[in-house]
Every structure is written in C-alpha cells, then in structure tokens.
2 protein chains.
Amino acid sequence: MRIHAVDVEQKEKIPAWCAGEDWCPVTGTAELLANKWHPVIVHRLLEHQELGFNSLKDEVDGVSSKVLSESLDNLQNRGIVRKEVVDRSPKRVKYSLTELGSRLEPVIEEMGKWGSNNLRKPDEYA
Amino acid sequence: MRIHAVDVEQKEKIPAWCAGEDWCPVTGTAELLANKWHPVIVHRLLEHQELGFNSLKDEVDGVSSKVLSESLDNLQNRGIVRKEVVDRSPKRVKYSLTELGSRLEPVIEEMGKWGSNNLRKPDEYA
DNA sequence: CGGCATCCACATGGATACTG
DNA sequence: CAGTATCCATGTGGATGCCG
C-alpha cells in the first residue's frame with residue numbers, strides 16, 4: 001500500500017488512487033454523510049451558526065427528538081458538531097459546527113446546487 | 001408556499017429558503033446520496049466512464065452482488081445511471097452515468113477533497 | 001427546554017447458493 | 001459474465017411517554 005500525498009491546495013480532481021486502494025476519501029466522507037439527517041443538520045448549522053435543540057429540531061423537518069439526539073451524538077463523536085450547555089433550569093444548550101464541520105460547507109453547497117438545478121419540488125411534477 | 005427561482009449560474013450560496021420550506025434541495029440530494037454505496041458507485045463511474053458489472057464490483061470494495069445490483073437499479077430509476085446490454089452469452093453490460101449523473105461530479109469531488117484533507121487512513125492513526 | 005427510555009416496524013445490507 | 005433467490009442479522013428510524 002502506498003501513502004499518497006494530499007493536495008493541499010485542493011486543485012486536483014478526484015484522486016484516482018481512491019479505487020483499488022484499501023481506503024478512499026470519498027468512501028470515508030460517504031460514511032459520514034450517508035445518513036438520513038446528517039447532511040441537513042450540517043446544512044442548518046452552517047446557516048444559523050448555533051441553534052438550540054428544539055430550534056434545530058424545527059429546522060430539520062420531520063426528525064424526532066430521539067433520532068436528532070442520536071445524530072447529534074454521532075456528529076459530535078466525529079468532531080463535526082460542538083455542544084455547549086448554556087443554562088440549566090430551564091436547560092439551554094447550543095449546537096454549532098466545529099472547524100472540521102465548517103469545512104463541509106463546500107460539500108453541502110454542491111449538494112444544494114445539484115438539488116436546486118436537477119431535482120424538482122414534488123408539486124412541480126404535476 | 002412560494003416558488004423559488006433557481007440560480008442558473010450556480011453562483012449563489014446554499015439557498016437559505018431551504019429551511020422552513022416543505023422541500024429542500026439539500027435534503028433531496030441527501031436522499032440520493034444517503035446510501036452506503038451510491039456515492040462510491042457514482043465516483044467510480046466518474047473515473048472510468050463505463051464499467052461492466054463485475055469490474056464495478058471490484059472497484060466498489062466490499063459490496064456484494066446483490067446489493068450492488070439493487071443500488072444500480074436504484075440509481076437507474078433515479079436517472080443517474082445508464083445500463084446498456086452489449087452482448088449476451090457471455091452476457092456483457094456497460095454501466096455509465098447519465099448526463100444528470102455526471103453533474104454530480106462537483107458533489108463527489110468536494111466529498112473527496114474533504115475526505116483527503118480531513119480524514120485519515122485508518123493505519124495513520126497508529 | 002432538552003432530552004432519554006422503551007418498544008417496535010421496516011429498510012438495508014450481508015452470506016450463500018444458484019442460474020442463463 | 002451478470003446477475004437472482006433466499007434467508008437472516010442488524011441498523012435505523014418512528015411513536016409515545018416521561019423526566020429533571
């Protein structure tokens with residue numbers, strides 16, 4: 001197995017060595033984002049900087065408390081999301097992106113662009 | 001519900017109207033990519049233009065025939081992947097990306113960049 | 001307000017074997 | 001070569017309720 005240099009300036013195309021190697025950055029990123037809610041959560045935090053639990057729940061349409069909580073744990077463990085307890089009684093927390101998480105912006109942005117340009121809103125099919 | 005204009009030139013940031021609306025392009029794209037194998041499959045097809053079933057299976061490390069088959073069906077139904085039967089006996093097919101699928105390149109590319117710059121290969125942790 | 005506990009349904013994917 | 005057929009384990013998420 002070779003060790004591959006990383007393109008610091010990010011000008012390269014998708015690294016061809018991704019295939020056939022035992023590790024692939026696309027796969028790695030996919031493991032993070034291949035989740036029903038992760039991309040949206042990151043997206044909302046990119047937009048709002050910081051959000052409380054229920055505000056975030058309102059933003060992420062359709063998610064349950066349990067699943068949101070699990071997803072946030074997950075993102076926290078991966079170093080994407082930061083959680084800060086602001087107050088207790090009434091309890092108040094803030095969720096925000098870490099530096100690492102913020103660097104996902106280009107990914108989310110491209111996802112948004114592709115969706116905007118290539119997907120249609122359900123009612124536009126009529 | 002408002003109908004929103006699409007930014008044809010793709011210069012805008014993530015559409016803020018994604019939140020609070022009943023449809024969001026990031027969510028839409030996430031539904032497509034929130035699958036264990038979809039991003040890698042698209043990635044490999046971006047690199048190789050066209051691949052036979054087993055070649056693709058070799059490229060997508062760890063996938064089983066069944067799951068690869070299912071994923072390809074899925075991507076085909078969504079208009080991302082095109083399948084062409086080249087020969088029969090021995091059967092030979094070609095999988096490639098549609099125009100729509102090809103437009104996912106920036107998304108995959110950003111995923112690759114993020115992975116390259118922010119994730120480490122497992123053995124580098126030692 | 002910000003969760004966790006519980007229970008449950010279903011989707012997803014893995015293993016193995018087999019076929020035209 | 002390119003799948004399909006089964007069967008099964010697990011994950012993932014949904015519903016509801018409760019708690020500090």
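Per chain, numbering begins at 1; letters A, B, ... match sequence-line order.
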S.K.: Would you check, one step at a time, whether the test side chain to side chain donor-acceptor pair (under 3.5 Å) holds for B:Arg103 with A:Asn117?
M.R.: CA-CA 10 Å; B:Arg103 288 200 282 263; A:Asn117 293 313; over 6 Å; no
S.K.: Has A:Arg44 got a side-chain atom pairing as donor or acceptor with A:Glu59's backbone, closer than 3.5 angstrom?
M.R.: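 Pair found, side chain donor or acceptor close to backbone of A:Glu59.
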S.K.: Between B:Ser116 and B:Gly112 (side chain of the first, backbone of the second, donor and acceptor by atom type, cut-off under 3.5 Å), is there such a pair?
M.R.: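 Present.
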S.K.: Reading DNA chain C in the 5' to 3' direction, which nucleotide is the first one with an atom under 4.0 Å from a heavy atom of chain B, and which is the last?
M.R.: C:dG13 to C:dA15
S.K.: Heavy-atom nearest nucleotide on DNA chain D for A:Pro90 versus A:Asn35: which residue maps closer to 5'?
M.R.: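 Final value for this comparison: A:Asn35.
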S.K.: A:Ser65 or B:Asp73: which one's nearest nucleotide on DNA chain D is closer to the 5' end?
M.R.: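 Nearest-nucleotide comparison on DNA chain D picks B:Asp73.
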S.K.: Could you state the CD-P distance from B:Gln76 to D:dA2, rounded to the nearest angstrom?
M.R.: 14 Å
S.K.: Please give, in whole Å, the distance from D:dG13 C1' to A:Ile41 CD1?
M.R.: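 Those two atoms, CD1 and C1', are 12 Å apart.
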S.K.: Could you give me the CA-CA distance, side-chain angles and deciding distance for A:Leu68 and A:Ile41, then say whether side chain to side chain contact (heavy atoms under 4.5 Å, CB included) is met?
M.R.: CA-CA 9 Å; A:Leu68 177 58; A:Ile41 291 171; 3.8 Å; yes
S.K.: When you measure from the side chain of A:Ser96 to the backbone N and O of A:Glu50, does any donor-acceptor pair fall under 3.5 Å?
M.R.: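 Not confirmed, A:Ser96 side chain does not pair with A:Glu50 backbone.
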S.K.: What is the minimum heavy-atom distance between A:Ser65 and A:Phe53, and which atoms define it?
M.R.: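 Closest approach of A:Ser65 to A:Phe53: O-CZ, 3.6 Å.
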S.K.: If you take all heavy atoms of A:Gly28 and B:Leu119, which pair is closest and at what distance?
M.R.: C-CD1, 3.5 Å
S.K.: Considering just the side-chain nitrogens and oxygens of B:Lys94, establish if one lies under 4.0 Å of OP1 or OP2 belonging to D:dC1.
M.R.: no
S.K.: Among D:dC1, D:dG3, D:dT6, which nucleotide sits nearest the side chain of B:Lys66?
M.R.: D:dT6
S.K.: Could you give the angle between the helix axes at the two ends of the helix from C:dC1-D:dG20 to C:dG20-D:dC1, with five pairs per end, rounded to 10 degrees?
M.R.: 50°
S.K.: If you look at every heavy atom in B:Leu32 and B:His38, which pair is closest and at what distance?
M.R.: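 Looking at all heavy atoms of both residues, the shortest contact is O-ND1, 2.9 Å.
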S.K.: Measure from CG on A:Asn54 to C1' on D:dC19 and round the result to the nearest Å.
M.R.: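 To the nearest whole Å, that distance equals 14 Å.
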S.K.: From CG of A:Leu32 over to P of D:dT12, roughly how many Å is that when rounded to an integer?
M.R.: 13 Å
S.K.: Figure out the CG/P separation between B:Asp87 and D:dA2, and round it to whole Å.
M.R.: 10 Å
S.K.: What is the distance from CD of B:Glu84 to P of D:dG3, rounded to the nearest Å?
M.R.: 13 Å
S.K.: Rounded to the nearest Å, what distance is computed from the NZ atom of residue B:Lys91 to the C1' atom of nucleotide D:dT4?
M.R.: 10 Å
S.K.: If we ignore hydrogens and angles and just use 3.5 Å, is the side chain of B:Ser102 paired with the main-chain N or O of B:Thr98 as donor and acceptor?
M.R.: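 Yes, the answer is positive, given that a donor and an acceptor are paired below the 3.5 Å cut-off.
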S.K.: What is the distance, to the nearest angstrom, from the CG atom on A:Asn74 to the P atom on D:dT12?
M.R.: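 Whole-Å distance recorded here is 8 Å.
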S.K.: Within the structure, does a side-chain N or O atom of B:Arg92 lie under 4.0 Å from either OP1 or OP2 of D:dA2?
M.R.: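 The answer is yes; a side-chain N or O of B:Arg92 sits under 4.0 Å from OP1 or OP2.
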S.K.: What's the closest nucleotide to the side chain of B:Phe53 if the choices are D:dG13, D:dC1, D:dG3?
M.R.: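 Ranking D:dG13, D:dC1, D:dG3 by closest atom to the B:Phe53 side chain puts D:dG3 first.
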